Peer 1: 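Could you have a look at this structure, given as structure tokens, before my questions?
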2 protein chains.
Amino acid sequence: MASTLEEVARIAGVSRASVSRVVNGKPGVAPHIVEAVTAAVAATGYVPNRAARTLVTGRTGTVLVVVSGADSSLRQWGLGEVLADPFFARVAGGLMGSLRPRNIDPVLMLAVSEPERERVVNYVREGNADGVLLVSAEASDPLPGMLTRAKIPVVLFSRPSEPAPISYVDVDNHEGAALAARHLVARGCRRLGIITGPVEVAGAEDRLEGFLAAARRLSMDDVATAAGTFSVDSGAHAMIQLLAQGVDGVFASNDNMAVGAILAAHEQGLEVPGDVAVVGYDDTIAALMCRPTVTTIRQPIEAIAAEMARLLLDVIDDPGMPARHEVLAPELIVRGSA
Amino acid sequence: MASTLEEVARIAGVSRASVSRVVNGKPGVAPHIVEAVTAAVAATGYVPNRAARTLVTGRTGTVLVVVSGADSSLRQWGLGEVLADPFFARVAGGLMGSLRPRNIDPVLMLAVSEPERERVVNYVREGNADGVLLVSAEASDPLPGMLTRAKIPVVLFSRPSEPAPISYVDVDNHEGAALAARHLVARGCRRLGIITGPVEVAGAEDRLEGFLAAARRLSMDDVATAAGTFSVDSGAHAMIQLLAQGVDGVFASNDNMAVGAILAAHEQGLEVPGDVAVVGYDDTIAALMCRPTVTTIRQPIEAIAAEMARLLLDVIDDPGMPARHEVLAPELIVRGSA
DNA sequence: CTGAAAGCGCTTACAG
DNA sequence: CTGAAAGCGCTTACAG
């Protein structure tokens with residue numbers, strides 16, 4: 001069916017080794033051989049067989065992109081729901097996009113249960129991928145540890161819950177939340193509130209701390225807090241609690257909850273940002289699906305993704321490399337809600 | 001590093017052939033051999049090398065999931081944006097979820113430019129995947145044709161623009177739009193309007209025709225129409241035009257536009273559904289990110305995905321199989337907006 | 001600069 | 001039921 005190196009060699013009248021060299025762009029091949037091979041490749045429509053190549057080189061040219069978590073919040077979700085979450089969609093898409101130009105193929109997986117985690121480890125142990133790019137949603141997630149123990153090249157999005165010898169790229173959540181606090185105070189808010197994310201998410205805690213610290217520094221010691229779970233509904237519920245405490249400036253730890261908060265404010269007949277200002281986090285599409293549009297903290301997803309890909313490729317090339325970290329800066333995007 | 005069949009055979013004291021049989025669960029192996037091999041596998045932590053297996057079997061156990069289009073509307077998007085679109089996220093996720101239980105690995109790709117389309121074809125010609133599950137967003141998309149010409153097993157989501165010997169699974173768009181029309185009329189709307197999708201999307205045209213036909217059958221001959229592009233903003237713009245024509249019941253060809261329509265109505269001081277009722281399409285997360293929540297037409301994505309996977313596996317097993325089609329029924333989901 | 005040959009790790013007739 | 005052997009399609013020392 002598909003033609004092979006052998007066939008191309010025969011037609012070009014050269015050895016298989018020469019065809020291999022030309023096809024892989026190796027230097028030091030006589031021009032007339034390059035020409036003959038090129039012609040034969042064109043004539044046959046030859047495409048190298050990846051399995052054969054992988055078998056001998058030990059490299060797959062594939063990287064696993066996995067969204068993982070412990071068993072709690074993500075558990076009831078399928079990959080469809082996770083992808084449908086605007087934030088994960090941006091991250092997964094960014095990661096996959098950053099791999100393409102480097103000519104490596106991304107395979108996407110979700111791992112929120114033990115069998116799924118084992119599947120991830122197995123997948124690369126079977127030689128299907130050279131390493132993994134991991135977006136771990138929860139601090140208690142065992143996958144990062146499993147991967148490093150299996151000596152699988154891996155780079156995380158977000159710092160691991162406990163210090164570990166793993167390379168990662170992160171955004172300064174502390175600073176992002178501080179940006180939100182300063183913006184709210186600068187526009188005149190007198191009573192701040194925050195809708196937190198799930199405690200088991202490391203970044204969510206950082207946002208809470210960062211917000212409180214920045215508020216304190218601005219002499220706003222009494223910040224109202226309400227817990228959310230990153231969903232639109234949880235944002236609405238939390239907002240009702242905050243409103244009862246008389247807040248006029250709210251920071252929601254992600255955009256979904258900011259949308260929920262705005263909807264809840266409207267339902268109580270309040271204007272946003274007139275009566276209460278709202279700042280979100282992530283700058284996802286959700287921030288634009290709402291009136292007013294949501295002022296939010298943008299994570300430089302594309303830069304993160306590019307950095308993760310670069311790091312992983314380095315680790316794959318040199319598995320003994322010491323772990324490296326990169327922390328990028330978030331950015332305030334001012335829109336209608338604050 | 002990783003152990004091989006050879007090593008397991010040596011430890012178990014049997015031939016490589018026997019190890020292979022046990023590992024692959026082939027019948028007719030003596031119990032004591034199964035036992036010895038099982039123990040040796042456990043002791044070594046043996047995992048079969050996929051490249052080697054693929055090389056000899058010709059099967060990869062991988063399927064390509066591609067979202068494609070011609071060069072227009074999707075062109076400026078990266079995979080991140082496409083995944084972030086609630087509809088594609090649901091479809092891609094559903095497809096990937098339906099493959100997992102069948103033990104086949106999905107690789108996700110976006111193909112909206114010529115190089116990307118060629119990459120898709122090449123990917124499977126290189127032997128990286130056994131077939132492709134294609135979500136083609138535009139009727140003029142050349143990819144389905146390219147694939148069948150290359151004799152690559154493929155199953156489409158949505159009927160191809162022109163009759164072609166390709167298997168596909170679709171939802172009855174005509175009927176879905178009719179459900180919307182009947183619901184609007186049943187709740188007392190007197191003047192209907194429709195926000196259409198891009199003409200180059202086959203399904204969008206079916207929805208328009210279905211809506212008009214159903215309306216006509218209910219003696220509503222004069223339906224106002226306005227064009228949209230499936231984005232929130234386009235829905236808002238279209239809504240303004242429809243409102244100027246005095247509509248009190250609007251069918252938006254997807255949820256994003258329904259959200260835009262509702263926002264636009266609110267901005268004109270109108271109540272939804274009191275002054276104007278709105279029905280969306282797709283039942284994506286967008287329908288829940290809005291107050292009122294959006295009454296919409298649900299496509300049974302999970303069933304579609306499962307069906308596509310099943311069909312593709314059949315085609316892969318029997319490439320000569322005649323093309324098959326499956327058309328599933330949509331469902332009306334009544335929420336707050338109509 | 002080029003080619004003959006070994007070998008990557010498996011599966012599968014084939015013979016016994 | 002089991003094993004020896006061939007072969008899948010490549011790449012890469014090695015010798016020339």
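It should be emphasised that the depicted structure is a prediction, and the values quoted were computed from it without experimental measurement. Just the heavy atoms: all of them, side chains too, but no hydrogens, waters or symmetry mates, feed the values below. In the text below, chain A, chain B and the rest are named by the order of the sequence lines, each starting its count at 1.
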Peer 1: What are the two closest heavy atoms between M321(B) and S167(B), and how far apart are they?
Peer 2: CE-OG, 4.2 Å

Peer 1: Does a side-chain N or O of N24(A) approach OP1 or OP2 of dT11(D) to a distance below 4.0 Å, or not?
Peer 2: yes

Peer 1: Within less than 4.0 Å of OP1 or OP2 of dT12(D), is there a side-chain N or O belonging to K26(A)?
Peer 2: yes

Peer 1: Round to the nearest Å and state the distance from R16(A) atom CZ to dC8(D) atom C1'.
Peer 2: 12 Å

Peer 1: Please give, in whole Å, the distance from dC1(C) P to I33(A) CD1?
Peer 2: 11 Å

Peer 1: With a 3.5 Å cut-off and just heavy-atom distances, do the side chain of R50(A) and the base of dG9(D) make a donor-acceptor pair?
Peer 2: no

Peer 1: Could you give the CG-to-P distance, from L55(A) to dC8(D), as a whole number of Å?
Peer 2: 13 Å

Peer 1: Taking 4.0 Å as the cut-off, does a side-chain nitrogen or oxygen of S18(B) come that near to OP1 or OP2 on dG3(D)?
Peer 2: yes

Peer 1: Could you tell me how far apart E126(A) (CD) and dC10(C) (P) are, to the nearest whole angstrom?
Peer 2: 10 Å

Peer 1: Considering Watson-Crick and G-U wobble pairs with both distances under 3.5 Å, what does dA15(C) pair with?
Peer 2: dT2(D)

Peer 1: dT11(C), OP1 or OP2 - any side-chain N/O from S20(B) closer than 4.0 Å?
Peer 2: yes

Peer 1: Looking only at heavy atoms, what is the nearest atom pair of S98(A) and R102(A), with distance?
Peer 2: O-NH1, 2.9 Å

Peer 1: Nearest-nucleotide wise, let me know which of V19(A) and G28(B) is further upstream toward the 5' end of DNA chain D.
Peer 2: G28(B)

Peer 1: Identify the residue among V65(A), V67(A), V91(A) that makes a side chain to side chain contact (heavy atoms under 4.5 Å, CB included) with F157(A).
Peer 2: V91(A)

Peer 1: Output the single nucleotide from dG3(D), dT11(C), dG9(D) whose closest atom is nearest the side chain of S15(B).
Peer 2: dG3(D)

Peer 1: Expressed in angstrom and rounded to an integer, what is the separation of R125(A) atom CZ from dC10(C) atom C1'?
Peer 2: 17 Å

Peer 1: In whole angstrom, give the distance that lies between atom CD of E6(A) and atom P of dT11(D).
Peer 2: 13 Å

Peer 1: Between dC10(C) atom P and R10(B) atom CZ, what is the distance in whole Å?
Peer 2: 13 Å

Peer 1: Can you tell me which nucleotide in dG9(D), dT2(C), dT11(C) comes closest to the side chain of V56(A)?
Peer 2: dG9(D)

Peer 1: Atom CZ of R21(A) and atom C1' of dC10(D): how far apart are they, to the nearest Å?
Peer 2: 13 Å

Peer 1: Taking the nucleotide of DNA chain C with the closest heavy atom to each, which residue, A52(A) or A17(A), is nearer the 5' end?
Peer 2: A17(A)

Peer 1: Go through the steps for E114(A) and R117(A) under the test salt bridge (charged side-chain N to carboxylate O under 4.0 Å, His left out), then give the verdict.
Peer 2: CA-CA 5 Å; E114(A) 189 54 26; R117(A) 283 189 282 273; 3.1 Å; yes

Peer 1: Any base atoms under 4.0 Å from V47(A), or only sugar-phosphate, or nothing? Heavy atoms, all strands.
Peer 2: sugar-phosphate

Peer 1: Please determine if R310(A) and E307(A) form a salt bridge, counting it only when a charged side-chain N lies under 4.0 Å from a carboxylate O.
Peer 2: yes

